[in-house]
Structure formats: structure tokens, C-alpha cells
Amino acid sequence: MTTVSSGASSPHLHQATSVALVMRRVLVALVPTLIAMFYCYGPGALMQWLWAILVAHAVEALMLRWRGLPLQPHLSDGSAAVTATLFALAMPPWAPWWLTVLGLVFALALVKHAYGGLGHNLFNPAMGGYVFLLLCFPVAMKAWAPIDAGHAAPGWIESLVRLAGGASSMADGYSGATVLEYTRTQLRAMKMLSEITAQPVYGMLGDRNAQWVNVAALLGGLWLLWTGVIRWQIPVAALAALFLTAAAFHLADGDRYASPLLHLFSGATMPGAFFIATDPITAPGTPRGRLVFGAAVGLLIYLIRTFGNYPDGVAFAVLIMNGAAPLIERHTQPRILGAPA
Amino acid sequence: MLPWLLLAILGLAAGLAVTRPARGGRDDAALAEKTERIDALLPQTQCGLCGYHGCRPYAEAVARGEAAIDRCPPGGAATVAALADLLGVEPLPAPVSPPARVAVIDERLCIGCTLCLDACPVDAIVGAPRLMHTVIAALCTGCGLCLPPCPVDCIQLRPVPAARGAG
Amino acid sequence: MTLPRHAWRGGVRVPRHKNLSNTEPSRAPPLPARLIYPLRSHIGTAARPVVGPGDRVLKGQCLAEPDSYVSQALHAATSGTVRDILDYPVAPGDVMTASIVIEVDGEDRGIDPWPSLPADADGDAIQRRLTEAGVIGMGGAGFPSHVKVREGLTRTVRTLIINGVECEPYITCDDRLMREHAAEIVAGARWLKRAVNAGECFIAVEEDMPEALAALQAHPAEGVTIGTVPAIYPAGGEKQLIKLLTGREVPSKGLPIQAGVLMHNVATARAVYAAVVEGRPLTSRYVTVTGGMTRPGNWRALIGTPVSHLLQEGGWRGGDQRVIMGGPMMGMALCSLEVPVTKVTNCLLVQEAAPAFLAAMPCIRCGECLRVCPVQLNARALYEYSKAGDLDAAQDLNLFDCIECGACAYVCPSHIPLVGYFRAAKAAIAAAERRQRAAAENRGRYERHQRRQAADQAGSATASPLPAAAGEDREALRAEIAAAVERVRARRAASEPPDGERGGPA
Ligand code: SF4
Ligand code: SF4
Ligand code: SF4
Ligand code: SF4
Ligand code: SF4
């Protein structure tokens, strides 16, 4: 193994960038999404996020300690905060505290550090943790907004009680399906699409609540593109693939398949396309590879949502493609200058 | 009945076809080729530290499966890795490589007996009877085989001076 | 007239820092006390000295001749006395290199210039003159110019490119040269074009060099197109500029001539003019001395001037700042300031503030290195393979096409010294190849040795280890050896035992 110390070798100039800066920018870009979560789901979303940040840093510090790595600069690189935030966004806002702890321990200890820590993990830690919970605690993980919208979002006190694990009963109206899931079950029950979307849980674009989260994520994502933290290939390919697949099905049978707009602005589409699928560590690094990867993610999101049995398909789609990323990259090396034609 | 018979014949044929290369491995030609490829990976120091009289005999022994791949100290880890790769076996822990050295003849003492000339496996020494001998440093592998024959003990191994600006 | 533009992929915008040094006209420094001429400061074989210690030399007098086809001549830049020919530290890396050291006498007496070549001189005559005048590529690599011209004589040159694209930050020596000697550059370009019978000739500068462009355009010449290229680093890279101007690509590991292109730096074009028309060898060049000092600017420095001399003239007070020879993207930090300016030294940069060292973090696979690479190499993968020592895999990903431009390391958020890894990997591969060659040679000699011994044992006396013993009595010889051994033993006993421990077979 060769090691080279920086400073000995050219270049002697460096762009003002660092891992910490990249991570900070991702966090800033997530602020609108957090605000939208707060607006739509109440203080529970915020508390869930704060709790996740706390837990993630504790777990990260523990893992670094255990691996014999210094906390500085590894804890302050912001990667744990990004994982925690993405994880918290995926969690139902009223999940009990231990669920978050369990998910984050899985995400950071197993998905991230067991593979060698920052830069070496094969799968996206936040999505790994989320899917782990989804598979082990399917009921608790579905405690999203009540589908009949008869209830207001829980307030500060109630959210806190729920985070503390106080309300163990899930049968009180807060255990509900996501709009995507609801749409799917209703469609399978042979209801007309127009009939379903007339329900008050639907907004102009998609899910009445999630549409704002998606719009906020889109804004944050565009800012990330503008600052160059992410590149266009993955989000564009993912959204285009999702849109086109949904449009094709919708055009073929508009009564059985939801509109592409609903898909774009429901569930975790925008956060997924701009923040999760673009996680550079677990995506291919080559431009063409990113197009392939993004398109495959978009396609899988649609297929899992439409034909699967889970609330959303983003996490699964991303994880599946994470596994394929090294292979995709290997086969999409750019043509070098001067390569034989 | 007939299909089964056909299948059995096919299977037999396939089995024979698959096992042929393994039988072929005992062929002289195949062995020679294998030796050639092993020899190409050895450092050609010809020092005999492997316990054979030079790299070639060691390569032959490895090809016949009589010697392990970790016997060549001058080759070190790189050679072990290359041999493991070639032969498709697990690499063994590498032997410690001796430091790079070069033989130097004390020209005041050399009596010109030419015994070292014969001992040097890579012809790195020049000289003629009754005349002073000298080592061509660039050709010397530092194997030390010239030391024992010298009747006046005038050959020494010295560390190779640190390389300056490889050109 | 504008130049064609065929975009190449990659590249990065870097801060330019050019105004620091390009506003003032160039200056001539006072004569240094001594000049140092390393015999090897170019691609190819070392030059062969034709002067010896104690010789008086005049300005323009030849000090060393090319030793082979790919080699260069060296000339005294002023008058003085050859003090010695000895190993002297030379950049990069302070490699000790045999060098001619001249004590300057301050009189600056010179020899008469050669007569200028007739206007109808053919390519061979021009090539001979360039060999004689020691003109080599002054843009960086130091490839002898006559070799390039020879390539052009034997093969078809569709495009001759005169490279004034000074894409590295801080460096302005070509900029100043173009502003001050535009006519000679254009004339030199025409001589080169004539010599190699090029179909077209482009002189390219960067977009943000309007003064240089105007100066060149004040000397329009038939068949020479002068224009600008975008200021994206490394726009001045050989393969990148060729792609941009011709749309053709130099094949991987190939030479520009394979794309029908010959490229010379603007300073080389001027040196060609000086050699061909003024009859003067190459003995000085523009050097940018810039960064943390009171008088940054460009100097018309004599080849051989110690770096410290120019730094002092530039008003550098010394200190622990890093001094870089070349630009900040590809230059080398100097250990010793006594190293001389050579024909390829374009810049001395004193880094104003030590760059903030951030510990290298793990690669986050962001792909930015790949995005900016002007060769479109997967720098991240190359880094991983180089670090792990998987040199075969690195070569499969075209490690040797890396031009070490540093764009990848410049943008890496993890601050990984990527170029350092690539250099180390290239060196390791070169060392392995050397070992491989040595092993092959050893094998050959070993086999000859074996054959000889076999013949010996078979009784053919010619190859006996004791040839003289062929007809003589072996007993007598043994006795002779025994006697000699006795003599040595006696001599040893008398004198001190020889120093050094005796090493046994390892
Ligand atoms: S130890 Fe290695 S170098 Fe020495 S003879 Fe044996 S194979 Fe050759
Ligand atoms: S000179 Fe001596 S040490 Fe060097 S190669 Fe020959 S025998 Fe070995
Ligand atoms: S063996 Fe010793 S004495 Fe004899 S020729 Fe060689 S160096 Fe000289
Ligand atoms: S720029 Fe640096 S961190 Fe990003 S992929 Fe390249 S080496 Fe890795
Ligand atoms: S240094 Fe090499 S790998 Fe890095 S950008 Fe330049 S050419 Fe590409």
C-alpha cells in the first residue's frame, strides 16, 4: 500500500472545498424540506429530526472510538448529520424513540462502519436503516398521517409523548397508510382513479402533505445543483424515468394507473432523486453510469410502488441500485482523450 | 432407452474433454512451458538461496509441484504474489529479502587466480589470469557466490549506494 | 480571423493571479556571480561538454554539444571561466546532475553571431541551425526542437500550432514575451512553418490576454492565424489544444505528429527566430518571479542563473515560504534555491501563505476528479488502484495518459494528493520494468555462463578457468597460487587489516 502525503506534490493550489463543506451544503439544502415536514406533520417531525441527530452523533462517535479513529476530523465531517437527517425524513414523525435508535445503530454501525466507514459503504446508510425497520416493524413504520384527514397533526406535547413511546396503541387514527399505498389498495379494489383522488388527502400535485415536502426537496435539490455539490445526471434520469414510465402506464389505462404527477410529488420522490440517489459514495461516479443508475432507480421506484406492497419504493430502488453501482461504473468508463475511436 | 444412452455417451465425452487438460499437464511440453513462465517471474539473481542451483532449477521444481512458491528471498513479496497469481494458489507469507548489495574486489589484494570468475553465475566479474579482477557493479546481483572461492578473501559485499535520480 | 474551436471534455476554472506580474515590462537582472549548466535538463541523453575547467569562455560560445540525436547544445550566456564540471543539485527534486559551472567575469564579451540563414534556406538547414543553437521546447517538457522539426520534415504536418496559451495561474512570461517581441514570434512561426511545410499555422493565446493578442495581430502574416482560446485549465496542454484547434486527437501514448500536428511554444518560436535570423544561440529566457515579494515581475534571465539570484532581485526577503519552480498546478517545490534556471524554467513562485493543510479524508467518490480531468481519466479508480498497489489495473485504466495537470487534486473535496499517487505509481511501474529488464539480462548471462562451464567439463580446454594451465602442470599452478596467497597474507599482517566487515553469502 502506498501513501503519499499532501503538500509534497503538485498542485500547490486547492479549491475552497472539503468534505465538511459538501456535507454542510447538503444539510442547508435540506432545510426547506424540514420546514415543509414541520408544516405538514407538525412538531413531531422536528423532534424526530433532533432526536435522530443526537443519536447518530452518539453512535458515530462510539464507532469511531471503537475503530480507533480520531473524532476530529471524522465526527465533524457532517456525514453522520446528513445520514441522520435523511433517516429522520423517512421516519414516520410519531415513531417512538427506540425505533429511531435501532434504525440508526443499524445504519451507522452495520451499513456504514462495518464496511469501512465514510467512503467505503456499499449501501446508503440512511436507507439501509430505514428498510431494516420497515422489514422488522412494518406496523410502527406506517404511522403516517391519518388517511381521512379528520385529525389535526399532533401538537408539541402529544408528539413528545409519542416520541417517548407513551402512545403504544397504533389503532388510534395515526396509524395510516401513505397516499401512495392508499391509492394502490384502492386501485386494486377496482375503484376509479378519479374517485380516489377526489379524497381530501390529495392535493394539487399529489399527496396533500407530501407534495409540499417534495416541492421543498426540489428547491433544495436545485440549489445543490447550482452549487455543484451534485450533478444533474442522477436526478434528471431518475425523474425522467419515473415520469415516462408512469405516463406510459397512465396513458395505457388511466383508470388503473395513477398519473405521473402524483408519482413525482408523492412519497419520497424528490428527496430520493436529489438527496438519496445522489449520495456519491453509493452511486457510480462516471457521467454515463449516473444516467444508467438514475434511470434504473426511477424505473424501480415506479415498479415497486405500483406492483409491490410497501408504502413507497424509493428506499428499495436506491438500495438495489447501490448494489449494482460498482458494476455500472466499471462498464461506463468515459472515453479518454486519444482513445482509439 | 435410446435418449438415455445418448445422454450417457454425451456425458462421458464431456467428462473426457474436461479432464484432458489436466492429463495434458503432465506432458513434457506443458511442463516446459509452465517452467518457462515461472522462470520469467523469478529475479534471476541465481543466488541459490532457494536451495536450488539457480532460478531455472527452482522454476522446474515449482512447475513439478515439488517446491513451495515462497522460497526465493531476493524476489520477496512481489515474486510470491506473481507466482500465486500464475499458479492460481493462495500466496504464502513472503521471505525476507536480503538488502541490496554489490560485490567489491579489493584490487590491492587480488592475485588474479580467476576462481571468482567461474563462481559468478551472471558473469559480473572481469579479469584475466594473474591480472587484477574487478566487479561490474551494474551487473552484480549481490548473491555472494564469488566470496567463498577467493583464496585471499579480497571480495566484500557492500550495500548498494542509494540510487540517485533514476534515469 | 478567429481560431476554430472543438471542445474537449473536462477542465476547471482556476484563479489566475496574473496581474501580479504582467503589468510591468520585463527587466534584465544584474549578472550573477556564476552560471550553472546541467548537462541534462531536457528530454533525451545528456550533452557532452566541449570545455574543461580553467577554460575562458565568451558569451555565445558552445559549452556542450548534443551527445545523440535527442540531446541539446549548451552555450555560455556571458563571458567567464569554467570553474569545474561537477555534480550539482538541479530541479526538480535536487537530483545531483553533472553540470558545467562558470565563474562570471562581468565583462560580458561575446563571439560574433552566426550569419543569418538565407530567406530560401531549406528545412535541413534550419534543423541544423536549431541543433547548433541548442533550441529546445521552452514550454515545459524540454523536447529538443530540431527533433520536432525533423519529424515535420519526414511526415506531413497539416497544422503548426504556436502555443501562447499560458493556462497555469501566476505565470506571465509568455504573455510579456508576446507583448514585447510579437514580431519575432510571428517571424519565428513563419520560419517553422516553412521548415516543415505546414498546411496551416495557428498562434493561440487565452481569452484574457488581450494585450498579447493585439501585439501579435499588429504583425499579420500570410498563412498564420492568430486568435484566442477559452481560459480553462489546462487549455495549454498539448493534447487539449490540439483537440481544440483541429478536432483531431493525439492517440493515447502517441505524439502530436500522429495527428498531423507540430506544436511549439511562443518562446521557442522566438528562439527559432533568434537562431535563424540573428544567429544567436539560446542563452536567456523570460522567467516570471512572482508571489510573496516586493517586486514581482518578469526577468530576462540568463540560462544558468541560480534561482536565489532572481528571487533576491524580485525583493524576496527569504523566510520559510515555499518556492515553486513552475506554476502552482504542475510546478515542483524547491528544496535548494541554488538550482539554476534552465531553458524550461518559466516561473518561480513564492507562495504567499502556506496553503492550509487539511488532512486527506477518505474518498467520498464524488466523481469531481473525473469530471474535470482533461483526459477523462477515472482519477478516483486510478487512485484506489495506485494506493492498493494494483499497478496492472491502474495501467488498464490508462494511468500513463495522465498528464499530471493536477486538475483532479485541485477540486477533490477530500484533499487527496491524487497526482502524488499517480507519480508514485508510474515510478513503481518504471522500476518494475527496469527490474524485469535486468532479470532478462541476468538470465542471458547466466545461461552463457552455464554453457561455458558445461563445455569446460566436457574437456574443451579453451574455456578453462585457468586458461594458462592448458599445457602446464596443474601442480605448479597450485603452488603458484599458494605462494601468492602467502605473499598477500604477509602483506596483510604487516599493514592494517583492510577496513570493512567481510560479508558472507547473504
Ligand atoms: S533464491 Fe530466487 S533468485 Fe536466488 S536462485 Fe533461487 S530463484 Fe533465483
Ligand atoms: S560478482 Fe559475486 S556477488 Fe556479484 S553477482 Fe557475481 S558472484 Fe554474485
Ligand atoms: S578469486 Fe579473489 S584473488 Fe582470485 S581473481 Fe577473484 S578476486 Fe582476485
Ligand atoms: S474528487 Fe476526491 S473525493 Fe471526489 S471522487 Fe475524486 S478522489 Fe474521491
Ligand atoms: S492529473 Fe492526471 S488524472 Fe488528474 S486531472 Fe490531470 S490528467 Fe486527469
Side-chain angles (χ1 to χ4, degrees), chain A residues 1-23 25 69-70 72-74 77 79 82 116-121 228-231 233-234 278-287 289-290 325-326 329-330 332-341, chain C residues 8-9 12 14-15 169 239-240 243 249-252 254 322 324 326 328-333 349 351 355 357-367 370-371 374-378 380-381 386-389 397-398 401 404 406 409-411 413-417 419-421 423-425 428:
Chain A
M1 199 162 120
T2 324
T3 44
V4 174
S5 78
S6 56
S9 147
S10 63
H12 309 280
L13 270 188
H14 204 287
Q15 204 172 38
T17 176
S18 66
V19 174
L21 183 74
V22 167
M23 297 293 176
R25 286 196 169 147
L69 288 171
Q72 176 67 30
H74 292 276
D77 66 14
S79 61
V82 169
L118 179 71
H120 300 283
N121 46 298
V229 169
I230 61 171
R231 299 294 166 188
Q233 286 93 344
I234 291 178
T278 53
D279 168 16
I281 296 169
T282 54
T286 56
R290 286 175 171 179
E329 174 159 332
R330 177 172 284 260
T332 53
Q333 297 292 343
R335 180 187 170 279
I336 66 159
L337 187 68
Chain C
W8 43 275
R9 287 173 160 276
V12 61
V14 288
K239 294 183 174 188
Q240 286 69 33
K243 168 80 179 178
E249 291 183 10
V250 180
S252 168
R322 248 191 327 187
I324 292 158
M329 298 297 286
M330 294 180 76
M332 300 276 184
L349 168 64
Q351 283 213 307
F357 280 129
L358 286 180
M361 295 284 288
C363 165
I364 57 167
R365 307 171 57 102
C366 65
L370 190 154
R371 203 176 64 84
V375 193
Q376 291 288 287
L377 295 173
N378 191 340
R380 182 192 62 65
S386 304
K387 186 174 165 188
L397 283 183
N398 306 296
D401 281 291
E404 300 178 13
Y410 175 77
V411 298
S414 290
H415 291 249
I416 300 169
V419 181
Y421 280 98
R423 286 208 186 102

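Numbers restart at 1 for each chain; the letters A, B, ... are given by sequence-line order, proteins then strands.
- A:Ser10 and C:Arg423 share a side-chain donor-acceptor pair at under 3.5 Å.
- Interface remark: A:Arg231 contributes side-chain atoms only to the contact with chain C (heavy atom separation under 4.5 Å).
- In this structure, chain A has a heavy atom under 4.5 Å from the side chain of C:Arg371, while its backbone stays farther away.
- The two residues C:Cys366 and A:Arg290 make their nearest non-hydrogen contact at O-NH2, 2.6 Å.
- With a 4.5 Å cut-off on side-chain heavy atoms, A:Gln333 and A:Thr286 count as touching.
- If you tally non-hydrogen atom pairs under 4.5 Å between each of C:Met330, C:Arg9, C:Gln376, C:Gln240 and chain A, the highest count goes to C:Gln376.
- Between the side chain of A:His12 and the backbone N or O of C:Gly331, at least one donor-acceptor pair lies under 3.5 Å.
- Using a 4.5 Å cut-off between heavy atoms, A:Pro334 contacts chain C through both its backbone and its side chain.
- In terms of heavy-atom proximity, A:Thr17 sits nearest to A:Val22 at OG1-CG2, 4.2 Å.
- Taking all atoms of both residues into account, the shortest heavy-atom contact from C:Ala409 to A:Pro11 is CB-CD, 3.6 Å.
- C:Met332 touches chain A through its backbone: at least one of N, CA, C or O sits under 4.5 Å from a heavy atom, while the side chain does not.
- Proximity to chain A (any heavy atom under 4.5 Å) is restricted, for C:Ile324, to the side chain, taken from C-beta onward.
- Between A:Ser79 and A:Leu118, the closest heavy-atom pair is CB-CD1, 3.8 Å.
- If you measure heavy-atom distances from C:Val250 to chain A, the contacts under 4.5 Å come from the backbone alone.
- Under a cut-off of 6.0 angstrom, the local environment of CZ in A:Arg335 is crowded, with over 12 non-hydrogen atoms contributed by other residues, nucleotides or ligands.
- In this structure, the portion of C:Pro169 lying under 4.5 Å from any heavy atom of chain A is its side chain and not its backbone.
- In this structure, chain A has no heavy atom under 4.5 Å from any part of C:Leu349.
- In terms of heavy-atom pairs under 4.5 Å with chain A, the best-connected choice from C:Asn398, C:Asp401, C:Val12, C:Asn378 is C:Asn378.
- C:Lys239 touches chain A through backbone and side chain together, each having a heavy atom under 4.5 Å away.
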